[in-house]
Amino acid sequence: MAVQKLPVAKAINLSLRTAMENDSKVLVMGEDVGKLGGVFRVTDGLQKDFGEDRVIDTPLAESGIVGTAIGLALRGYRPVVEIQFDGFVFPAYDQIVTQLAKMHARALGKIKLPVVIRIPYGGGIGAVEHHSESPEALFAHVAGLKCVSPSNAADAYWMMQQAIESDDPVIFFEPKRRYWDKAEVDPSAIPAPLHSAKIARQGSGLTLAAYGPMVKVCLEAAAAAEEEGNSLEVVDLRSMSPIDFDTLQRSVVKTRRLVLVHEAPVFLGTGAEIAARITERCFYHLEAPVLRVGGFHAPYPPARLEDEYLPNLDRVLDAVDRALAY
């Protein structure tokens with residue numbers, strides 16, 4: 001298959017298609033994923049090509065969707081479940097946390113649940129309440145779940161296939177405002193391990209670390225900082241559980257400063273755990289405290305105010321300036 005320049009949504013669609021062609025046990029299910037192709041058209045055309053038995057339009061019942069996926073996984077299938085929007089996942093939280101995450105340990109390793117739960121998450125699309133949240137910390141905290149988030153089309157393509165191949169449940173957070181960002185996808189490439197971080201931009205004076213939608217903002221911040229003579233390294237974490245602390249540590253040992261960026265509220269966000277762990281690992285290398293940039297500890301605001309809520313270039317650069325001032 002030739003290299004293609006695809007938006008993130010199309011890359012995920014191609015990845016799902018490839019997985020379904022390679023394994024007849026892979027199923028896609030969720031609200032409006034079939035005839036409509038999903039509200040973001042990520043599953044567009046899959047039901048037409050694979051049939052209603054493998055691409056299943058479900059009722060509006062997230063708990064039932066995930067519960068059914070667990071049952072299918074117990075019977076040898078590999079369900080890929082779509083939660084239509086981030087804020088809709090909570091009716092299914094009990095199934096995810098008390099059943100999906102625990103079954104492998106409960107069965108002393110004899111049972112595996114290869115379920116992928118796709119969650120379009122984050123803001124930036126001008127949506128109403130319950131459509132722009134970033135709940136990743138609530139899932140990363142739960143032992144037994146893997147949590148990942150691609151930032152670009154190439155990673156979206158490969159990480160989805162790796163998630164489907166995993167025998168453990170994976171929460172796949174899709175940055176919805178990046179669905180239309182294009183990048184080259186090479187289906188013949190050798191992908192990095194699913195939970196490995198990547199150096200998205202080399203630098204020497206400070207490390208910016210992010211995942212999902214904020215990687216692009218960090219790359220823009222690094223480009224802006226370069227014009228002022230500051231060299232910033234950008235680490236795309238890609239995985240929130242487990243976290244590739246080794247790659248991040250190597251970067252911080254080199255740059256001696258770290259700023260963490262995510263859309264979710266700073267208070268008890270994933271950045272808090274990363275900051276604590278890197279401080280422990282790099283205490284004698286750090287020349288400034290680890291700083292965090294994220295959303296405010298408040299409900300996600302109406303669309304008119306979301307630009308004030310979301311971390312942006314100025315807020316990231318302000319944290320960079322504060323770190324460099326030490």
Side-chain angles (χ1 to χ4, degrees), residues 9 12-13 16 19-20 26-44 46-47 52-75 77-104 106 111-123 125 127-149 160 163-164 166 168-177 179 212-213 240-241 263-264 299-300:
I12 296 173
N13 180 284
L16 291 169
M20 295 181 77
V26 176
L27 309 176
V28 172
M29 53 193 297
E31 299 162 7
D32 297 319
V33 299
K35 293 180 180 179
L36 182 65
V39 293
F40 295 103
R41 303 300 185 267
V42 173
T43 54
D44 188 39
L46 295 182
Q47 190 180 77
E52 294 183 5
D53 289 339
R54 293 188 64 195
V55 182
I56 305 162
D57 279 318
T58 67
L60 307 183
E62 286 77 12
S63 181
I65 295 169
V66 174
T68 301
I70 292 171
L72 286 164
L74 288 170
R75 298 292 292 178
Y77 291 93
R78 291 183 176 269
V80 181
V81 169
E82 177 183 298
I83 302 296
Q84 196 169 73
F85 283 93
D86 36 57
F88 298 176
V89 73
F90 298 108
Y93 193 72
D94 178 46
Q95 290 278 14
I96 295 169
V97 170
T98 63
Q99 304 299 338
L100 185 62
K102 302 294 194 299
M103 192 69 75
H104 183 68
R106 185 182 298 143
I111 293 176
K112 297 176 180 178
L113 292 180
V115 176
V116 177
I117 299 181
R118 297 178 41 240
I119 304 180
Y121 82 120
I125 63 167
V128 297
E129 188 180 9
H130 306 312
H131 291 69
S132 300
E133 299 172 18
S134 298
E136 62 270 21
L138 299 176
F139 296 92
H141 182 73
V142 178
L145 298 177
K146 296 179 176 179
C147 302
V148 300
S149 181
M160 176 57 73
I164 293 171
S166 172
D168 298 308
V170 178
I171 313 297
F172 198 93
F173 289 95
E174 299 172 8
K176 65 172 79 79
R177 70 158 134 167
Y179 271 147
M240 298 86 80
S241 181
E263 278 193 25
Y300 198 89

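One-based numbering along the sequence shown. These numbers come from a predicted model, not from an experiment.
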request  = Write out all pairs satisfying salt bridge (Lys or Arg N to Asp or Glu O under 4.0 Å) with one or both partners inside residues 130-141, taking only residues at least two apart or from two chains.
outcome  = none
request  = Give the minimum heavy-atom separation between V55 and G34, together with the two atoms involved.
outcome  = CG1-CA, 4.0 Å
ask   = Partners of D168 by side chain to side chain contact (heavy atoms under 4.5 Å, CB included), sequence neighbours excluded?
value = K146, S166
ask   = Can you name the nearest heavy-atom pair linking S241 to A140, along with the distance?
value = OG-O, 3.7 Å
request  = Measure across G123 and E263 and return the closest heavy-atom pair with its distance rounded to 0.1 Å.
outcome  = N-OE1, 2.8 Å
key: R54: side-chain hydrogen bond (donor to acceptor under 3.5 Å, both in side chains) partners, not counting sequence neighbours   = none
message = Which residues pass the side chain to side chain contact (heavy atoms under 4.5 Å, CB included) test with A101, not counting sequence neighbours?
response = V142, L145
message = Contact between V116 and M160 at the side-chain level, heavy atoms closer than 4.5 Å - yes or no?
response = yes
inquiry  = Once ring-ring contact (aromatic ring centres under 6.0 Å, His included) is applied, do any residues pair with Y93, and if so which ones, sequence neighbours excluded?
reply    = F139
note = Distance col, row D53:CG vs Q47:CD, nearest 0.5 angstrom, shows 9.5 Å
message = With a 4.5 Å cut-off on side-chain heavy atoms, are V89 and I96 touching?
response = yes
message = For residues 113-122, which residue pairs pass the side chain to side chain donor-acceptor pair (under 3.5 Å) check, not counting sequence neighbours?
response = E82-R118, R118-E174, Y121-S149
remark   = ring-ring contact (aromatic ring centres under 6.0 Å, His included) filter on H131, not counting sequence neighbours, yields F85, F88
request  = Heavy atoms only: give me the nearest P114-R78 pair and the separation to one decimal.
outcome  = CB-NH1, 3.1 Å
remark   = Scanning both residues in full, the closest heavy-atom pair of L113 with I70 reads CD2-O, 3.9 Å
request  = Answer whether the closest heavy-atom distance between the side chains of V148 and F172 falls below 4.5 Å.
outcome  = yes
ask   = Which pair of heavy atoms, one from V33 and one from M29, lies closest together, and at what distance?
value = CG2-C, 3.9 Å
task = Output all residues satisfying side-chain hydrogen bond (donor to acceptor under 3.5 Å, both in side chains) with Q99, sequence neighbours left out; order by chain, then residue number.
result = R106
key: side chain to side chain donor-acceptor pair (under 3.5 Å) partners of residues 28-43, not counting sequence neighbours, each pair once   = D32-Q84
Validation row: I171, M240 side chains within 4.5 angstrom (heavy atoms) = no
message = I'd like to check the side-chain hydrogen bond (donor to acceptor under 3.5 Å, both in side chains) partners of D86; sequence neighbours left out, ordered by chain and number.
response = K176
query = Are F173 and I117 close enough, and set up right, to give a side-chain contact (heavy atoms from CB on, under 4.5 Å), and what steps lead you there?
reply = CA-CA 8 Å; F173 289 95; I117 299 181; over 6 Å; no
task = Check the surroundings of atom NZ in K112: do more than 12 heavy atoms from other residues, nucleotides or ligands lie under 6.0 Å from it?
result = no
task = State the CG-CG distance between L46 and L27, to the nearest 0.5 angstrom.
result = 12.0 Å
request  = Please tell me if the side chains of I164 and L16 come closer than 4.5 Å, counting only heavy atoms from C-beta onward.
outcome  = yes
task = Just jot down the side-chain hydrogen bond (donor to acceptor under 3.5 Å, both in side chains) partners of D57, sequence neighbours excluded, or say none.
result = none
inquiry  = Tell me whether the count of non-hydrogen atoms from other residues, nucleotides or ligands lying under 6.0 Å of OH in Y77 goes above 12.
reply    = no
Taking only distance into account, with no hydrogens and no angle test, what donor-acceptor pairs under 3.5 Å do side-chain atoms of residues 60-69 form with protein atoms, sequence neighbours excluded?
residue, atom, partner, partner atom, Å
T68, OG1, G64, O, 2.7

